[in-house]
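Keep in mind the model is a prediction, meaning the values are calculated, not measured. Atoms within each ligand, like the ligands themselves, are counted from 1 in listed order.
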Amino acid sequence: MSPSDHNGNARRRLLARGLAGAGALALSGCDKLAGTNWFSHALAQSGPLTEAAQRALTPNDALAREYTKADIAPVFRPNGSIDPQDYDYLDHVENGFRDWRLQVRGLVEKPLSLSLDELRAMPARSQITRHDCVEGWSCIGQWKGVLLKNVLLQAGVKPQARFVVFRCMDTLGDALYYESCRLVDAFHPQTILAYELNGQPLPVANGAPLRVRLERKLGYKQAKYLSTIELVDGYAGIGGGKGGFWEDRGYDWFGGI
Ligand SMILES: Nc1nc2c(c(=O)[nH]1)N[C@H]1C(S)=C(S)[C@@H](COP(=O)(O)O)O[C@H]1N2
Ligand SMILES: [Mo]
């Protein structure tokens, strides 16, 4: 999907949201929440929660709501890149991610290169949460992975580091996808690098082999197809300089919910 398609979709969905009250929204496992939850209405009126508002309203370690197995949508709706055609990525798919490594680099004491097996051997956290896409739909799924905090502690974050940059393997439109967040959000007790969705290895459509879950942030912050985590003191020199693929195209960087 090209960035202009995404914006077109966003506009169409904004219109769809306006009609949701009249029951005009098509229903699926994920969409069924979109017409009723507070977030789509709040978003339509004011956009994402700003950083100042979220930090003023709730402590930094406040938890996102967790749901039960009964709430899990039958199919977790994929969005954005769902089948990357980048050659390096296709090679990884072909050999079952055996040679894939998560690189941790930048302002760290000890750069890491972690295989999926090494990540799976670390203590895991599982959580059932609701994913809110800025386009106006939600979906509940169960994610399992390693706490980003533990990976960062293993690498040793240098004092100058302020942000975590997530580099992805998929080209969307004309650029590689990437994202970033502040260290405090990277150390949040629900921030995980997920390798499982609903009890299965993460499907390609949802970001195999590893994707970020930042549960208090909007969908576009949940970087899929991770290759590298980079600790930086600023992100102005990366990509378009706004801290993420969609941020470079006008979206809010904090993306709070
Ligand atoms: N690498 C990468 N990460 C991405 C995207 C993408 O296109 N590429 N899309 C984002 C958007 S807008 C959303 S809503 C979610 C969708 O995640 P899902 O495919 O598991 O539903 O991934 C986010 N992370
Ligand atoms: Mo999204």
In Glu66, Glu215, Arg65, the residue satisfying side chain to side chain donor-acceptor pair (under 3.5 Å) with Thr129 is Glu215
Between [Y] and [X], is there a salt bridge with N-O shorter than 4.0 Å?
X      : Y      : result
Arg182 : Asp185 : no
Asp99  : Arg101 : no
Arg211 : Glu179 : no
Asp61  : Arg55  : no

Within reach of ligand 1, part of [X] (heavy-atom separation under 4.0 Å):
X      : answer
Tyr220 : both
Cys168 : side chain
Lys221 : neither
Phe245 : neither
Cys139 : neither
Leu172 : side chain

Kindly give the heavy-atom pair with the smallest separation between Glu230 and Gly106, and that separation in Å.
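Shortest heavy-atom contact: CG-CA, 4.3 Å.
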Can you sort out which atoms of ligand 1 are near [X], meaning under 4.0 Å from one of its heavy atoms?
X      : value
Cys133 : 14 (S)
Ala205 : 19 (O)
Arg77  : 18 (P), 21 (O)

Short N/O distance, under 3.5 Å, between [X] and ligand 1?
X      : result
Asn79  : yes
Tyr225 : no
Trp246 : no
Asn206 : yes

Measure from NZ or CZ of Lys217 to the centre of the six-membered ring of Phe254 and say whether it is under 6.0 Å with the direction within 45° of the ring axis.
yes
Just going by heavy-atom distances, which of Arg213, His131, Lys224, Arg211 is nearest to atom 20 (O) of ligand 1?
Arg211
Quick one: which of Gly219, Ala223, Gly80 has a heavy atom closest to atom 23 (C) of ligand 1?
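Heavy atom nearest to atom 23 (C) of ligand 1 belongs to Gly219.
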Just checking Phe245 against Tyr178, ring centres under 6.0 Å apart?
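No; Tyr178 has its ring centre 6.0 Å or more from that of Phe245.
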With ring centroids as reference points, do Trp253 and Phe163 lie under 6.0 angstrom apart?
yes
Starting from the C-alpha separation in whole Å, work towards a yes-or-no answer on side-chain contact (heavy atoms from CB on, under 4.5 Å) for Asp86 and Leu176.
CA-CA 10 Å; Asp86 302 69; Leu176 280 169; 4.2 Å; yes
